[in-house]
Every structure is written in structure tokens, then in C-alpha cells.
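Here is the structure we will look at, set down as C-alpha cells.
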Number of protein chains: 2
Amino acid sequence: MAKAQSKRELILDIAEASVLSKGFGGTSIDEIISAADITKSGFFYHFRDKNQLARALLQRYLDTENAILDDIFDRARDLHGDPLHSFLIGLKLFAELMEDLPNGHPGCLVATVAYSERMFDQEVRDLNRQAILTWRERFLGVLKEIAAIYPPRDDVDLMTVADMITGTVEGGIVLSRAVGETAVLPQQIVLLRSYIRLLFSPAL
Amino acid sequence: MAKAQSKRELILDIAEASVLSKGFGGTSIDEIISAADITKSGFFYHFRDKNQLARALLQRYLDTENAILDDIFDRARDLHGDPLHSFLIGLKLFAELMEDLPNGHPGCLVATVAYSERMFDQEVRDLNRQAILTWRERFLGVLKEIAAIYPPRDDVDLMTVADMITGTVEGGIVLSRAVGETAVLPQQIVLLRSYIRLLFSPAL
DNA sequence: TGACCACTGTACCGGCGGTCAAGTCGCGGG
DNA sequence: CCCGCGACTTGACCGCCGGTACAGTGGTCA
């Protein structure tokens, strides 16, 4: 967790950690404010209500996650010109990043929102939906480039393959947390990489 | 949702639906008891506290899910003697079952628990962990049978492949819910089937 | 007949989400 | 130099929620 430069950021840091370990409904404002050493009125100065907190939390989370993905796959692009090989390198870098997290991945707020949808207003749910669609488009673009050069060995829908990238991460996080083994998530990403390679490689 | 034969089962039915749409922390006992038309004392007659409700909820969920998996893969066994083909049929049956759910998959309680772990006692967390390990063993057994006949085309760890089955379902549910498209989960299972086929088929 | 099961009724506690009005303190600009 | 503004604090209050305690009640079965 990064050092908070302002009380507002500190609230978001504390709230994010609490939401990921206890769920949104299980996170109390009283607990956040005592950890952040502010008063209840101080909290409501920054956020109109708990829903606005959720919105800010999710927005900040998506911005940082997308920045991380940009960084990884841009670096992979620099390392190899071929779209397939570059994507495989990107997945490897991603798996290594997940492996290097000392306590495992802290959890995805998109999954938290998806599993408590009736707790949030339409704005938060739309933001969540848009996040998945953005990731779908991101990976679909790469996969189309790959498929133009390497025709897939099986009759698959590329959009579904794009969703599989996101789905593997979401599923891997659930498994890792539930079983208490931080290695599960990186293993799943490596296995996904194996599928992508198998699907597009002309011969092995 | 099946008709409840007792107030206790009715409580569990209502609580399960609420937990899956609002999270455990977002589900109030007051709301459950008014929907079940009983008093607060009536609730606490059946469950000592909210944690005992969680335990009963999870146990019942796991029992029914395992019965469904038994049924599907037993039927698939009857349809084809070869372990690979039988497993591929099982995955197809599973995808079709998910596709036929009118409002999509209602959600997995294992994921809910994993994303609110600090809300539950050790007993519930152990139950959750055991559920993942049971599924791991279930699928690992089948995969070992398959690999004995069809050597995998890529150097993969079969336990990781077994986890991928569970992970695809968990990830697919998160995606389906977040994006509001019920088709995503069955599509992901069909894609997983494509990988299993590609991984073990001697030639295409 | 009476014990037990599945509840109900009533009263209470402290925590939590949220609201409201007024006050404080530092700091940057006119 | 002081004025205003942003970032809070103080403190009082509301109704819902999780949970406790315990006495009571109607049906059923040995």
C-alpha cells in the first residue's frame, strides 16, 4: 500500500483493503475513520455517502490496473515485433508480476462489485460493466492481430478468447484466496499462456 | 428456487438469494425474517448467529453442486467409454446446463466467502478451502486417466489444469454478472473444452 | 398427560450509516 | 495583514441492524 498524500487517498487506501477482505457491506465507516484517524464528518466531507466511496474506489482501482496492463504489454511489444510472441511475453511478465506479490493478489474490486451488485447504484454497476468491456476490447485487438498472421487451430470466437484472459485472472484470484495458495493465480496465467500458444502456433 | 419444506430451509433459500446479490455483509437478518414471515427469535432458534447461517448456507450449496457435478459426469461416462471423450461430453453438458438457466448462474457462494473471508470464522473458511480442494481432486482424477492414454501436447501440471476447470467457472460467473450477459459463462466453458481437446488430442 | 419441538412476544443493548449545524485552523492571494 | 476557502473537528441526533435474554404458546407424539 502506497503512502497516502492526502486524507482522501488515505481513506481510499484503508477502504480498499477492508472491502477486499470483508466485502463492501462488511466494511464500516466507523472502522475506516478510526484507522484513518479522522472524524465521521471528515469522512462525509470527502464522500457524500458509501456509494460515492464505492465509485471513487472502483474508478481509482481501474485506472491503476489499466496503467499496469499498459505498461506490461507495451514492454512486451518492445521485446518482440511479432504479435503472438509479444503477447506470450506479456502474459509471462503478468504471471511473474502476480508471483512476486508477497501476500498474493489482494483481490479485484470488479469481482467484489459483481458479487454485491444490489448494494450499489446504477453508476457503479455501469462502471463495472465498462471495465470488463474495456478489457475485452483491449485483448480482442491483440488477438485479431495474432489471428491475422496465425490462423487459430480451432474454431473459436476471438471475443470469447479475449474474455478468457480476464476470466482466468478473476477465477485465479478466487481460487488463490479460497485455497490460501498464492501460487495458484500465476499458475493459471501460465496455463492460459499455454492455451494461447497451442491455439495459434502453426506447429509444435 | 425450490419450495421450502420447512422454515429452516425457507430461511436458507431467502438468505442464499440475498447473499448472492448483496454479499454476506449486505444481507440483514431483519430482511430475511420479514421475507420468511418469522420473528427474530425464530431465526435465532435455527441459527446461533450469522456465522452459523453462513456455515449452513455453504454446506448446503456444496452438497447440491457436488450432486449436480456427479450427475453430469456420470451421465457423460455412460455416453462414452473413453475418458477424454467422456470428459469433453461432460463439459458440453455442463455448458448446456449453464446456458439453460433463464437468469444466468445465480453465483457461487465459494467466491462470496473468498471475497469476504474476514467476515467468517475459521470453520467456514476451512469448509470453503476444502470445497476447492475437493473439486481439484475430482478433476485431477479424470485428467490423470486421460493423460495416461493421451499424453498432453504441452508440458503442463495436471493439478493446475484441474484448477483451471474450477477457475473457468468462477471467472465466467464474475464476468457474466459484471457485464450482464448470461451467455459468457457457457461460452467460457465451451472454450475450456476447446483447450482440453487441443491439449490431449493426438492430432487435429 | 406431559414432554418436546418449533416457534412467538417483548424488551433491551451497542454498533453502524447517515444527517445537521456550527466551529477551527492553516495557507495562499489581494 | 487579514480574508476567504478548503479541510477538516465537535457534538448531538435518528433509525436500522446484529445479537441477547427469557418467558410463553400451540401442535404432536409416546
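Lettering of chains follows the sequences in order, A, B, ..., and the numbering in each one begins at 1.
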Under 4.0 Å between a side-chain N/O of [X] and OP1 or OP2 of [N], yes or no?
| X | N | result |
| --- | --- | --- |
| B:H46 | C:dA6 | no |
| A:K50 | C:dG17 | yes |
| B:Y45 | C:dA6 | yes |

If every non-hydrogen atom of A:I32 is compared with every non-hydrogen atom of A:T27, which pair is closest and at what distance? CD1-CG2, 3.7 Å
Could you tell me the separation between the [atom1] atom of [X] and the [atom2] atom of [N], rounded to a whole number of Å?
| X | N | atom1 | atom2 | result |
| --- | --- | --- | --- | --- |
| A:I38 | D:dG6 | CD1 | C1' | 15 Å |
| B:F43 | D:dC17 | CZ | C1' | 12 Å |
| A:D30 | D:dG18 | CG | C1' | 15 Å |
| A:F44 | C:dG18 | CZ | P | 5 Å |

Could you tell me whether the side chain of [X] has a donor or acceptor atom within less than 3.5 Å of a complementary atom in the base of [N]?
| X | N | answer |
| --- | --- | --- |
| B:T39 | C:dG9 | no |
| A:K40 | C:dG17 | yes |
| A:S41 | D:dT10 | yes |

Just to be sure I understand the rule, does B:S28 reach a base, reach only the sugar-phosphate, or reach nothing, if contact means heavy atoms closer than 4.0 Å?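 Touches sugar-phosphate only.
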Please name the residue in the list B:L84, B:L88, B:L199, B:D82 that meets the side chain to side chain contact (heavy atoms under 4.5 Å, CB included) test with B:I146.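 The single option meeting the side chain to side chain contact (heavy atoms under 4.5 Å, CB included) with B:I146 is B:L84.
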Could you check if a side-chain atom of B:L133 sits within less than 4.5 angstrom of a side-chain atom of B:E137, using non-hydrogen atoms only?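 No, their side chains stay 4.5 Å or more apart.
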Less than 6.0 angstrom from the centroid, inside 45 degrees of the normal: does B:R153 satisfy that with respect to the ring of B:F200?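 No, B:R153 does not sit over the ring of B:F200.
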Which residue, A:N51 or B:R8, contacts DNA chain C at a nucleotide closer to its 5' end, judged by nearest heavy atom? B:R8
